[in-house]
Undergrad: 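Please find one structure pasted underneath; my questions will follow.
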Amino acid sequence: EAAVTQSPRNKVTVTGGNVTLSCRQTNSHNYMYWYRQDTGHGLRLIHYSYGAGNLQIGDVPDGYKATRTTQEDFFLLLELASPSQTSLYFCASSERQKSQNTLYFGAGTRLSVL
Amino acid sequence: GDSVTQMQGQVTLSEDDFLFINCTYSTTWYPTLFWYVQYPGEGPQLLLKVTTANNKGISRGFEATYDKRTTSFHLQKASVQESDSAVYYCVLGDRDNNRIFFGDGTQLVVKP
């Protein structure tokens, strides 16, 4: 079974702060994703990648950057954090394209922007 | 465009009750349909998946039938337990444009 590990599990920052969320998957999956989860909105896709060095824009990318440094590691960057980015963030991976394949999620990072 | 609708924000049942969570979808092609379950403090995990219309998916006592005629993928379980308390997401996978669409989720609360 795929293992997806996110760090930190909780993060508090101030408006305008710089935050990096980390994700590592250990099952050699090609695709990795960043989602945010908010009450009333379900899960919304921020960015995704299909390999090291690749980045694709998701549905809610504004205010976020991402970087895929290796097949295992995918980072989400908030360079000027705003209160609207307070949310629960999930990383996920899949072997092939997401529309037919199972997504394996990490346990999430809860981010608070004060 | 593609969409998934879960009308029930929360369902509250007692142990051994029958569970029915409504899910309907809209798409112009033949999607893959999923149910994911999210337990407290965890990320979502796959509960079941069906790739072919009119087929049924079954897992851990849960079942859902991909009904192309009614564009529905309702989740059912004959007898729920307190441990089934979680959020359930209906998800549509559109292979044509490689996108997936999450419903808003249904919170299931099972009382002992």
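Residue numbering restarts at 1 for every chain, and letters A, B, ... go by the order of the sequence lines. All values derive from a computational prediction rather than experimental measurement.
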Undergrad: Please evaluate residues A:Lys65 and A:Leu78 with respect to the criterion side-chain contact (heavy atoms from CB on, under 4.5 Å), reporting the C-alpha separation (whole Å), side-chain torsions for both, the decisive distance (0.1 Å), and the verdict.
TA: CA-CA 7 Å; A:Lys65 293 183 179 180; A:Leu78 292 74; over 6 Å; no

Undergrad: Quick check on the 6.0 Å ring-centre criterion: do A:His47 and A:Tyr64 meet it?
TA: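 Aromatic pair excluded; centres sit 6.0 Å or further apart.
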
Undergrad: Would A:Gln25 and A:Tyr104 satisfy side-chain contact (heavy atoms from CB on, under 4.5 Å), going step by step from the backbone distance to the final call?
TA: CA-CA 9 Å; A:Gln25 56 95 5; A:Tyr104 294 87; over 6 Å; no

Undergrad: How close do A:Ala52 and A:Thr69 get, counting heavy atoms only, and between which atoms?
TA: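 Minimum heavy-atom separation between A:Ala52 and A:Thr69: CB-O, 4.1 Å.
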
Undergrad: If you measure from OG1 on B:Thr24 to NE2 on B:His74, what distance do you get to the nearest 0.5 Å?
TA: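 The NE2 atom of B:His74 is 7.0 Å from OG1 of B:Thr24, to the nearest 0.5 Å.
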
Undergrad: Do B:Cys23 and B:Val4 have side chains that get closer than 4.5 Å, going by heavy atoms?
TA: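 Result yes, sub-4.5 Å side-chain heavy-atom pair found.
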
Undergrad: Would you mind checking which part of A:Leu45 comes under 4.5 Å of any heavy atom in chain B, side chain (CB onward), backbone (N, CA, C, O), both or neither?
TA: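 For A:Leu45, neither part sits under 4.5 Å from chain B.
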
Undergrad: Give, as side chain, backbone, both or neither, the part of B:Tyr36 having an atom under 4.5 angstrom from any heavy atom of chain A.
TA: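 Contact with chain A is through the side chain of B:Tyr36 alone.
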
Undergrad: From A:Arg36 CZ over to A:Ser84 OG, what is the distance, rounded to the nearest 0.5 angstrom?
TA: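 One gets 6.5 Å once the value is rounded to the nearest 0.5 Å.
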
Undergrad: Taking the side chain as C-beta and beyond, is there a heavy-atom pair between A:Phe105 and A:Leu43 under 4.5 Å?
TA: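 The answer is yes, as the side chains (C-beta and beyond) meet within the 4.5 Å cut-off.
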
Undergrad: Do A:Tyr33 and A:Leu55 belong to the same hydrophobic cluster, where Ile, Leu, Val, Met, Phe, Trp and Tyr are linked whenever their side-chain heavy atoms lie under 4.5 Å apart, directly or via other members?
TA: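 Different clusters.
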
Undergrad: List for me each residue that meets ring pair (Phe, Tyr, Trp, His ring centres under 6.0 Å) alongside A:Tyr31, sequence neighbours excluded, and say none if there are none.
TA: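 A:Tyr31 satisfies ring pair (Phe, Tyr, Trp, His ring centres under 6.0 Å) with no other residue.
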
Undergrad: Residue by residue, scan residues 39-57 of chain B and write down, ordered by number, those that have a heavy-atom distance under 4.5 Å to chain A; if none do, write 'none'.
TA: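 The stretch touches chain A at B:Gly41, B:Glu42, B:Gly43, B:Pro44, B:Leu46, B:Lys49.
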
Undergrad: Quick one: are A:Thr26 and A:Glu72 in side-chain contact, heavy atoms under 4.5 Å?
TA: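 Answer no - side chains too far apart.
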
Undergrad: So for A:Arg9, is it side chain, backbone, both, or neither that comes closer than 4.5 Å to the heavy atoms of chain B?
TA: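 Contact with chain B: side chain only.
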
Undergrad: What distance do B:Ile58 atom CD1 and B:Lys77 atom NZ have between them, rounded to the nearest 0.5 Å?
TA: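 The distance works out to 13.0 Å.
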
Undergrad: Please look at B:Gln38 and chain A and tell me whether the side chain, the backbone, both or neither of the residue comes under 4.5 angstrom of a heavy atom of that chain.
TA: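 Contact with chain A involves the side chain of B:Gln38 alone.
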
Undergrad: Would you call the rings of B:Tyr66 and B:Phe73 parallel, tilted or perpendicular, taking 30° and 60° as the class edges?
TA: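 Aromatic pair B:Tyr66/B:Phe73 classed perpendicular.
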
Undergrad: Identify which part of A:Asp59 has an atom lying under 4.5 Å from any heavy atom of chain B, answering side chain, backbone, both or neither.
TA: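 When you check distances to chain B, only side chain atoms of A:Asp59 fall under 4.5 Å.
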
Undergrad: So, do A:Val19 and A:Gln85 sit near enough that their side-chain heavy atoms are less than 4.5 Å apart?
TA: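 A:Val19 vs A:Gln85: side chains apart.
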
Undergrad: Under 4.5 Å, heavy atom to heavy atom, which residues of residues 106-114 of chain A contact chain B?
TA: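 So far as heavy atoms go, A:Gly106, A:Ala107 are the residues that approach chain B to under 4.5 Å.
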
Undergrad: If you take all heavy atoms of A:Tyr48 and A:Ile57, which pair is closest and at what distance?
TA: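 Residues A:Tyr48 and A:Ile57, closest heavy atoms: CE2-O, 3.9 Å.
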
Undergrad: Can you confirm whether A:Gln37 sits close enough to B:Phe102 that some side-chain heavy atom of one is under 4.5 Å from a side-chain heavy atom of the other?
TA: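 Result no, sub-4.5 Å side-chain heavy-atom pair not found.
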
Undergrad: Quick check: under 4.5 Å, non-hydrogen atoms only, which of residues 83-92 of chain B neighbour chain A?
TA: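 Counting heavy atoms that sit under 4.5 Å from chain A, the residues of residues 83-92 of chain B involved are B:Tyr89.
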
Undergrad: Tell me, side chain or backbone of B:Asp104 under 4.5 Å from chain A's heavy atoms, or both, or neither?
TA: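 Answer is both: backbone and side chain atoms of B:Asp104 are under 4.5 Å from chain A.
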
